[in-house]
Amino acid sequence: DQQVKQNSPSLSVQEGRISILNCDYTNSMFDYFLWYKKYPAEGPTFLISISSIKDKNEDGRFTVFLNKSAKHLSLHIVPSQPGDSAVYFCAASGSSNTGKLIFGQGTTLQVKP
Amino acid sequence: DTGVSQNPRHKITKRGQNVTFRCDPISEHNRLYWYRQTLGQGPEFLTYFQNEAQLEKSRLLSDRFSAERPKGSFSTLEIQRTEQGDSAMYLCASSLWTRQMETQYFGPGTRLLVL
């Protein structure tokens, strides 16, 4: 059972435009959500996170939105840059005691110059 | 501030051989996690340690897999009698857990190919 889903395997946007990556989850016990970026042959790099007590968190060009009623979160990148081209994973954690992360399948973002 | 390091970065082995991977976490991080990632999938949790105690193991971790963190610093992941299905990227992450939300920082991974 896939508790965290990223339904879009790939996304292509033009440089300077907004990139929106989506993620859905099924487990209502998840209370902490993270986005990671991954380049080929490297480990995931932490981007931004959000607690379930918030509905928005912003860090520079990256904003994460959380809609708990819809069990949906999204990552907005504005403006998109060619260096943002990578695979993006959303991840969820369900307890303050165990930080085990459940990952989605990833979305490959391509930002075209 | 050095990040999480993993060695080796690549490992090719023959089916039936044993392999061992090492992870050095960010200093002062008390939690260390192991994940496995196969092509087209997100990382899957294998096990984690808080200091030297192994607190949880996934059912993905068969009896052929063993992990240790003997002094609460570096960790090793051993796979005995490797199978072709063990071919994957093995990722290590560390975090500082303080009873609040924690952020895990990943190493570059060890890519295993079992022939």
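In what follows, every chain begins at residue 1, and chains take the letters A, B, ... in the order their sequences are listed. Just so you know, these numbers use all the heavy atoms, side chains as well, and skip hydrogens, waters and symmetry mates.
In this structure, B/Leu55 is a member of the same hydrophobic cluster as B/Tyr33, with clusters built from ILVMFWY side-chain heavy atoms closer than 4.5 Å. One hydrophobic cluster holds both A/Tyr88 and A/Ile48 under the rule that ILVMFWY side chains link at heavy-atom gaps under 4.5 Å. Cluster membership for A/Ile102 and A/Leu66, using ILVMFWY side-chain heavy atoms within less than 4.5 angstrom, is shared. There is no path of hydrophobic side-chain contacts, each under 4.5 Å, that joins A/Val13 to A/Val78. Put simply, B/Leu61 and B/Leu91 are part of two different groups of oily side chains (I, L, V, M, F, W, Y) that touch within less than 4.5 Å, one to the next.
No more than 12 heavy atoms of other residues, nucleotides or ligands lie within 6.0 Å of CZ in A/Arg17, so this atom counts as exposed by the packing criterion. Heavy-atom contacts from other residues, nucleotides or ligands closer than 6.0 Å to CZ of B/Arg15 number 12 or fewer.
Ranked by heavy-atom pairs under 4.5 Å with chain A, the list B/Pro108, B/Gly109, B/Gly42, B/Pro43 is led by B/Pro43.
Looking at B/Gln104, its side chain does come within 3.5 Å of a backbone N or O of A/Gly99 through a donor-acceptor pair. Remark: the backbone N or O of A/Leu101 is paired with a side-chain donor or acceptor of B/Tyr35 at under 3.5 angstrom.
Taken to the nearest 0.5 Å, the CD atom of B/Gln37 stands 4.5 Å off from the CZ atom of A/Phe89. B/Arg31 CZ to A/Lys100 NZ: the interatomic distance, rounded to the nearest 0.5 Å, is 12.0 Å. The OH atom of A/Tyr36 lies 5.0 Å from the CZ atom of B/Phe106; values are rounded to the nearest 0.5 Å. Rounded to the nearest 0.5 angstrom, A/Lys38 NZ and B/Met89 CE are separated by 4.5 Å.
Using a 4.5 Å cut-off between heavy atoms, A/Leu34 touches chain B through its side chain atoms alone.
B/Phe45 and A/Phe103 have their aromatic ring centers separated by at least 6.0 angstrom.
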